[in-house]
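Convention: sequence-line order gives letters A, B, ...; per-chain numbering from 1.
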Protein chains: 4
Amino acid sequence: MNKKRTVHASVKDERLVNMRRDQMIRGAVSLFKEKGFHRTTTREIAQAAGFSIGTLYEYIRSKEDILYLVCDRIYDQVRARLEGMDVEKGTLKSLKLGIAYYFNIMNEMQDEVLVMYQEAKSLSKDALPYVLKKEVEMVGMFETIILKCVENGELVMEEKQIDLLAHNIFVQGQMWGFRRWALKNKYTIDEYIQLQIDLLFSGIEGFQSQLKEGELYEHS
Amino acid sequence: MNKKRTVHASVKDERLVNMRRDQMIRGAVSLFKEKGFHRTTTREIAQAAGFSIGTLYEYIRSKEDILYLVCDRIYDQVRARLEGMDVEKGTLKSLKLGIAYYFNIMNEMQDEVLVMYQEAKSLSKDALPYVLKKEVEMVGMFETIILKCVENGELVMEEKQIDLLAHNIFVQGQMWGFRRWALKNKYTIDEYIQLQIDLLFSGIEGFQSQLKEGELYEHS
Amino acid sequence: MNKKRTVHASVKDERLVNMRRDQMIRGAVSLFKEKGFHRTTTREIAQAAGFSIGTLYEYIRSKEDILYLVCDRIYDQVRARLEGMDVEKGTLKSLKLGIAYYFNIMNEMQDEVLVMYQEAKSLSKDALPYVLKKEVEMVGMFETIILKCVENGELVMEEKQIDLLAHNIFVQGQMWGFRRWALKNKYTIDEYIQLQIDLLFSGIEGFQSQLKEGELYEHS
Amino acid sequence: MNKKRTVHASVKDERLVNMRRDQMIRGAVSLFKEKGFHRTTTREIAQAAGFSIGTLYEYIRSKEDILYLVCDRIYDQVRARLEGMDVEKGTLKSLKLGIAYYFNIMNEMQDEVLVMYQEAKSLSKDALPYVLKKEVEMVGMFETIILKCVENGELVMEEKQIDLLAHNIFVQGQMWGFRRWALKNKYTIDEYIQLQIDLLFSGIEGFQSQLKEGELYEHS
DNA sequence: TATGAATGAGTCTTCATTCAT
DNA sequence: AATGAATGAAGACTCATTCAT
């Protein structure tokens, strides 16, 4: 079910393959960050990885393979870190903790997230689904948390609402990365986390002035 | 004050310049949508625009100019449409209307928005600021609406909260475009609008089960 | 005998043709001086001439025509000025005067001479002979002067010697233009003229130390 | 001290670089000879060199690099051959031998000299000085020979005269190449050498008719 | 006559990929 | 397994020339 799209390597020694790909991905991420996938050449990647262009092609079949490996790797790293999140508790408190946890990860991996975010679209029709599936899984983690709250009786929400809320949380985490240019001057990551959680939980109505409360009862 | 980065044209007749650039942009948007900026050739753009490669270069200086023109045009179109939004009323109702209005525009222009969203990063360091400024202005429109509500006494919010809320709304509008692959199977645009407004206004706590309300008072 | 290679013009009014070509040549010379024939575009020439590219092509058939017109014009100007030289006297004094006169012209027209010198080779096989013929004529003027000296009994020289001497004088005049970079730091034009005349007339042996004269009788 | 402007090659193996550049230069010289630098395409050069356009660009950075390489190479070849000239003797006889020697080299390398002569001006402002310096050095060799004659007491000449005489010799050597069209019909190279040496050494006055000698005493 | 928009062949240059060593 | 020289298809951009107005 969870089959990976494998990338062919001419070299057989699996340990070696992993090592070389590690070097390759590390170099590629930093190059993609700087100049994007299309403006980065395979030679540059090979050089950044510390080996020759010939060697590079012993471990991949095409340039696009590198992009796939990079995206794949980044998702795996994010997922690995998200494993530390408690998905089962089913309390609003644990939801808040989960959000804060996730936002902090996004902050720490903001370069990687940005790269993946901007370059994933360059993946071939072939590779894209594998990457999107990982996103779906990650959104699914928040769905699970929220669902547990519902099951626990903490919340009353329909499926569509749960799903959308999970999406919103997920995107707000990424947003800290891809809108850095607008956000980092105004907020620290901690402020950002706090403010987003407030807005997510209280909603606009949570900020309604008490005086006028009566007037607005017809809101929905 | 609001000076545009002008793109040089060899042709003097301004009417003609506008006409040709219109054709060019239309062609480019549909090509970028299909294959992205980097995989689209200038010849293809010329052809899609209905003239020769030589003519194309009478109206621009470099391929990147086309991208700038495209981004610039899309923002202008979005802004032009947003002019129809009532920013001054200062009621929560008008805020909801504004959000719905904006989300509908994003829905109608989802191709353009997606293109701009994915390709803007390919703009040169030179052109990027001009495009980002437009985003800031658009986010500013929502800030204004919210601020009016605060001034009107409808809401009690601090500046940072206002700002972030405006950002969230803005991104949620774009999100309908850039996460189509995940959303369009589940929601109609009307559902999306309704659900997002509900979440934005009620917040998670608005969906709290009444029974447990007491337990969570310590939320912030 | 002296037929010019004519350059076709669509415009009939001969007065106009001459005027336009004047403008054109003036512009072209200064552009060729700056960047050479190949790096100068027809548009630039039209602009420098003060009319449009369309108009330019009413007066020539191809870019190369311009080069031909330029070379032709420069030679004509040089020749016109050389008319003032006394070719018939047949004295060594008049030869010196002629050399000085010619060198001064080369000094005054050094930009034009340089252009022609460097770009003539770009003329088509078709146009080149017409330009070379003018050079031959100019060299011929010095041949005539020297020949008169011989006829007058001032000199005893064979035809080949006369011819080569004329060439040398001619080239030394141009040399002031095309080796400016090496000469202008060291000599004023007057010094250059004086020194060259001394060398031409005295020859190396004219600078022989008297003491050793005997030893070198076997010189030729 | 004599640092060369180096041309970057992607290929590391210096032996290979030299070999490929040899091929390249040989091909380029013959093409430039035929049609000039600007009318020669990089593809033609690659083909003439016997490899692909891609390979060509492994050994240079831009088309202009080829021109520089060509000019540089030609000067080096000329210089290498001039090394065989005896510069130290300091006799008029050795000066004559030097001139004859140099003129013969110019005759043998007339194609190369012509190319360099006509195309050097297309070098960038960046590369030109390196090429001009070589010319200066070569002129310097004749200065040295003449200076030795002066030091030896064979000649009495001032610095400016020495310098100009050296220039004249140098240009007369090149002249055999760049005025081939006018000279080769009239003279063999041996005749040319003999006649030029006669003119250089005797000067015009050396050809004065004895009868009139008295009349001209006021010559300078 | 004058204009200048349109054309597209032609040019330089890049870069993913291969393959002999 | 590793190397890096060789390849050539492909792409951005230029510019001499034409022609309808």
Of all the nucleotides listed (dA5(F), dT3(F), dC13(F)), which has the minimum atom distance to the side chain of Tyr59(D)?
-> dA5(F)

Which part of the nucleic acid, if any, lies within reach of Ser62(D) when heavy atoms closer than 4.0 Å are counted: base, sugar-phosphate only, or nothing?
-> sugar-phosphate

Nearest-angstrom distance from the residue atom CD1 of Ile53(B) to C1' of dC15(F) = 13 Å

All side-chain contact (heavy atoms from CB on, under 4.5 Å) counterparts of Leu114(D), not counting sequence neighbours = Gln118(D), Phe178(D), Arg180(D)

Contact residues, residues 118-126 of chain D to DNA chain E [heavy atom, < 4.0 Å] = none

5' precedence on DNA chain F between Arg61(C) and Ser10(D) (nearest-nucleotide basis) | Ser10(D)

If you round to the nearest 0.5 Å, how far is OG1 of Thr42(D) from CE of Met24(D)?
-> 11.5 Å

Heavy atoms of Cys71(A) and Val131(A) approach each other most closely as CB-CG2, 4.0 Å

Residue pairs, two or more places apart or on separate chains, that pass side-chain hydrogen bond (donor to acceptor under 3.5 Å, both in side chains) and touch residues 44-60 of chain B = Lys35(B)-Glu44(B), Thr41(B)-Glu44(B), Ser52(B)-Thr55(B)

Position toward the 5' end of DNA chain F (nearest nucleotide), Phe51(D) or Gly50(A) = Gly50(A)

Can you sort out the partners of Arg20(A) under salt bridge (charged side-chain N to carboxylate O under 4.0 Å, His left out), two or more places apart, ordered by chain and number?
-> none

So which nucleotide from dG8(F), dA1(F), dA5(E) ends up closest to the side chain of Val11(A)?
-> dA1(F)

Please round to the nearest 0.5 Å and tell me the distance separating atom CD1 of Ile45(A) and atom CG of Leu31(A).
-> 6.5 Å

Counting just side-chain N and O atoms, does Thr55(C) come under 4.0 Å of either OP1 or OP2 of dA2(E)?
-> no

Any donor and acceptor pair, going by atom type alone, linking the side chain of Lys33(B) with main-chain N or O of Ala28(B) inside 3.5 Å?
-> no

Residues touching DNA chain E, which here means a heavy atom under 4.0 Å, drawn from residues 20-45 of chain B = Arg20(B), Arg43(B)

Every protein N/O lying under 3.5 Å from an N/O of nucleotides 19-21 of chain E:
none

Rounded to the nearest Å, what distance is computed from the CD atom of residue Gln47(A) to the P atom of nucleotide dG4(F)?
-> 11 Å

Considering residues at least two apart in sequence or located in another chain, which fulfil the side-chain contact (heavy atoms from CB on, under 4.5 Å) criterion with Val113(D)?
-> Met106(D), Met109(D), Gln174(D)

Protein-nucleotide distance (Ile60(A), atom CD1; dA16(E), atom P), rounded to Å = 10 Å

Just how far is it from atom NZ of Lys134(D) to atom CG of Asp76(D), taken to the nearest 0.5 Å?
-> 3.5 Å

Options dA12(F), dT13(E), dT17(F), nucleotide nearest the side-chain atoms of Lys63(B) | dA12(F)

Is there a donor-acceptor pair closer than 3.5 Å between any side-chain N or O of Glu64(D) and the backbone N or O of Ser124(D)?
-> yes

Taking the nucleotide of DNA chain E with the closest heavy atom to each, which residue, Leu56(C) or Glu64(D), is nearer the 5' end?
-> Leu56(C)

Which residue pairs satisfy the side-chain hydrogen bond (donor to acceptor under 3.5 Å, both in side chains) criterion with at least one member in residues 6-15 of chain C, sequence neighbours excluded?
-> His8(C)-Arg61(C)

Could you provide the dot-bracket string of DNA chain F, using ( ) for intrastrand pairs, [ ] for crossing pairs and | for bases paired to another strand, with Watson-Crick or G-U pairs below 3.5 Å?
-> .||||||||||||||||||||

Out of curiosity, Ile25(A) CD1 to Asp72(A) CG, how far, rounded to the nearest 0.5 Å?
-> 7.5 Å

Residues within residues 66-73 of chain A bordering DNA chain E, heavy-atom distance below 4.0 Å = none

For Asp65(C), the salt bridge (charged side-chain N to carboxylate O under 4.0 Å, His left out) test, sequence neighbours excluded, returns Arg5(C)

To the nearest Å, give me how far apart CZ (Arg15(D)) and P (dG4(F)) are.
-> 17 Å

Report the distance from atom CD of Gln23(D) to atom CG of Leu56(D), rounding to the nearest 0.5 Å.
-> 10.5 Å

Check: Thr40(D) main-chain N/O paired with Lys63(D) side-chain donor or acceptor under 3.5 Å | yes

Contacts of Glu119(B) meeting side-chain contact (heavy atoms from CB on, under 4.5 Å) (sequence neighbours excluded), chain-then-number -> Lys121(A), Phe37(B), Leu67(B), Val115(B), Ser122(B)

Can you check the Met19(A) CE to dA2(F) C1' distance for me, whole Å?
-> 12 Å

